[in-house]
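Written out below as structure tokens is the structure these notes cover.
Since the structure is predicted, the reported quantities are computational estimates derived from the model, not experimental observations. Below, chains carry the letters A, B, ... as their sequence lines are ordered, and counting in each starts from 1.
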2 protein chains.
Amino acid sequence: MVTKQLLKGLPEDADLRRADSPAREIFSDVANKWALLIIEALGERTLRFSELRNEVEGVSHKMLTQNLRMLERNGLVDRKVHPTVPPRVDYTLTEPGRALRTAVDAICGWTHQHLGHIESARGRFDA
Amino acid sequence: MVTKQLLKGLPEDADLRRADSPAREIFSDVANKWALLIIEALGERTLRFSELRNEVEGVSHKMLTQNLRMLERNGLVDRKVHPTVPPRVDYTLTEPGRALRTAVDAICGWTHQHLGHIESARGRFDA
DNA sequence: CGGTATCCCTGAAGATACTG
DNA sequence: CAGTATCTTCAGGGATACCG
């Protein structure tokens, strides 16, 4: 019954512009600094909470848990609790998560490629 | 002199994890909801301020100007002021802006492809 | 019409402390 | 170690008004 969406992928992003659409809601969740950095940091690896904390420099304990919960809720990361003591919790990207990661990779690559250009643009603008 | 980066693209995103790196600074600018929605809305077109306001539903006057300034400063959008009355201002993606847009497109496409999966994941999580 | 400035307030986000 | 809860702060962001 959702076969309508299987036709093609270009014009349907129109509803991303609708403030109340489900797509916009998901986009708003995902399109934020910490979420994207976490996804990028995870990559193909499985990392513990404390490892993620080190990988994503600057993220607070609170922001990390908060974003991990959100990503888990949306099915982008898998959360595996080991009933050991002390506790150990492993995070891994799910299939949708890895799919999104390729897009995040593109943004990261873009950032590095245009670093010089952007910094000089800033210099010009600030003058 | 920057040929080092031409080798391969994977390990260099390491400095995105450094909180004070230039790459992280750019990423923090760009990786936010409104900036990405504006870039996506512009696409290949040239739009006026008021048109953008309509395209990106839910964006306030303030957020729109604020993000457009930021994008202009980073050299991602070109701002063309027509000295008419009433004034008219056109916004267009620059080459770096269009390059980033392809990555944003990927995220938008991903959002739609995984919409169903995500919503059911949420249902499960919230239970 | 587009931009800036001001006011104001909600909520994002840090710090801290406690539990399993 | 990982997570939750509480408190507090400060700035993100809305609403409004005014300028060019």
Walk along DNA chain D from 5' to 3' and tell me the first and last nucleotide with an atom closer than 4.0 Å to a non-hydrogen atom of chain B.
D/dG13 to D/dG20

Counterpart residues, salt bridge (charged side-chain N to carboxylate O under 4.0 Å, His left out), relative to A/Glu51 (two or more places apart):
none

Under 4.0 angstrom, heavy atoms only, what part of the nucleic acid is A/Arg69 near: base, sugar-phosphate, or nothing?
sugar-phosphate

Mark yes or no for whether A/Thr94, through its side chain, and A/Leu76, through its backbone, hold a donor-acceptor pair below 3.5 Å.
yes

Quick check on the helix from C/dC1-D/dG20 to C/dG20-D/dC1: what's the angle between its two end axes, five base pairs per end, to the nearest 10°?
50°

When B/Glu72, B/Arg79, B/Arg45 are each screened for side-chain hydrogen bond (donor to acceptor under 3.5 Å, both in side chains) with B/Tyr91, the one that passes is B/Arg79

Rounded to the Å, how far apart are B/Met70 CE and C/dT4 P?
15 Å

Under the side-chain hydrogen bond (donor to acceptor under 3.5 Å, both in side chains) rule, collect the residues that match up with B/Ser60, sequence neighbours excluded.
none

Under the salt bridge (charged side-chain N to carboxylate O under 4.0 Å, His left out) test, which residues partner B/Arg98, sequence neighbours left out?
B/Glu95

Is it the case that the side chain of B/Arg53 and the backbone of B/Leu64 share a donor-acceptor pair, with hydrogens and angles ignored and the cut-off at 3.5 Å?
no

Note: contacts of residues 20-33 of chain B with DNA chain C (heavy atom, under 4.0 Å) are none

Taking all atoms of both residues into account, what is the closest heavy-atom pair of A/Cys108 and B/Phe27, and its distance?
SG-CE1, 4.2 Å

Indicate yes or no for a side-chain donor-acceptor contact from A/Glu57 to the backbone of B/Ala19 under 3.5 Å, with no hydrogens or angles considered.
yes

Return each pair, listed once, that meets salt bridge (Lys or Arg N to Asp or Glu O under 4.0 Å) where at least one residue sits in residues 107-116 of chain B; pairs must be two or more places apart or across chains.
none

Check whether A/Thr46 reaches the backbone of A/Thr92 with its side chain - one donor and one acceptor, N or O, closer than 3.5 Å.
no

Applying side-chain hydrogen bond (donor to acceptor under 3.5 Å, both in side chains), name anything that partners B/His82, two or more places apart in sequence or on another chain.
B/Asp90

State which residues pass ring-ring contact (aromatic ring centres under 6.0 Å, His included) with B/His61; sequence neighbours excluded, sorted by chain then number.
B/Phe49

Heavy-atom side-chain contact between B/Lys80 and B/Arg88 under 4.5 Å:
no

Nucleic acid contacts - residues 74-89 of chain B versus DNA chain C, non-hydrogen atoms under 4.0 Å:
B/Arg79, B/Pro86, B/Pro87, B/Val89

What N/O pairs connect the protein and nucleotides 11-14 of chain C at under 3.5 Å? Give each pair on its own line.
unit_1 : atom_1 : unit_2  : atom_2 : d
C/dA13 : N7     : A/Lys62 : NZ     : 3.0
C/dG14 : OP2    : A/Ser60 : OG     : 2.5
C/dG14 : O6     : A/Lys62 : NZ     : 2.8

Starting from P on C/dG2, measure out to CD on B/Glu72 and report it in whole angstrom.
15 Å

Side-chain touch B/Leu71/B/Leu93, heavy atoms, less than 4.5 angstrom
no

Just distance, no hydrogens or angles: give the donor-acceptor pairs under 3.5 Å from side chains in residues 28-38 of chain B, sequence neighbours left out.
unit_1  : atom_1 : unit_2   : atom_2 : d
B/Ser28 : OG     : B/Arg24  : O      : 2.9
B/Asp29 : OD2    : A/Arg122 : NH2    : 3.3
B/Asp29 : OD2    : B/Asn74  : ND2    : 3.0
B/Asn32 : OD1    : B/Trp34  : N      : 3.0
B/Asn32 : OD1    : B/Ala35  : N      : 3.1
B/Asn32 : ND2    : B/Asp29  : O      : 2.9

I want to check one thing: is the phosphate of C/dG2, taken as OP1 and OP2, less than 4.0 Å away from some side-chain N or O of B/Arg48?
yes

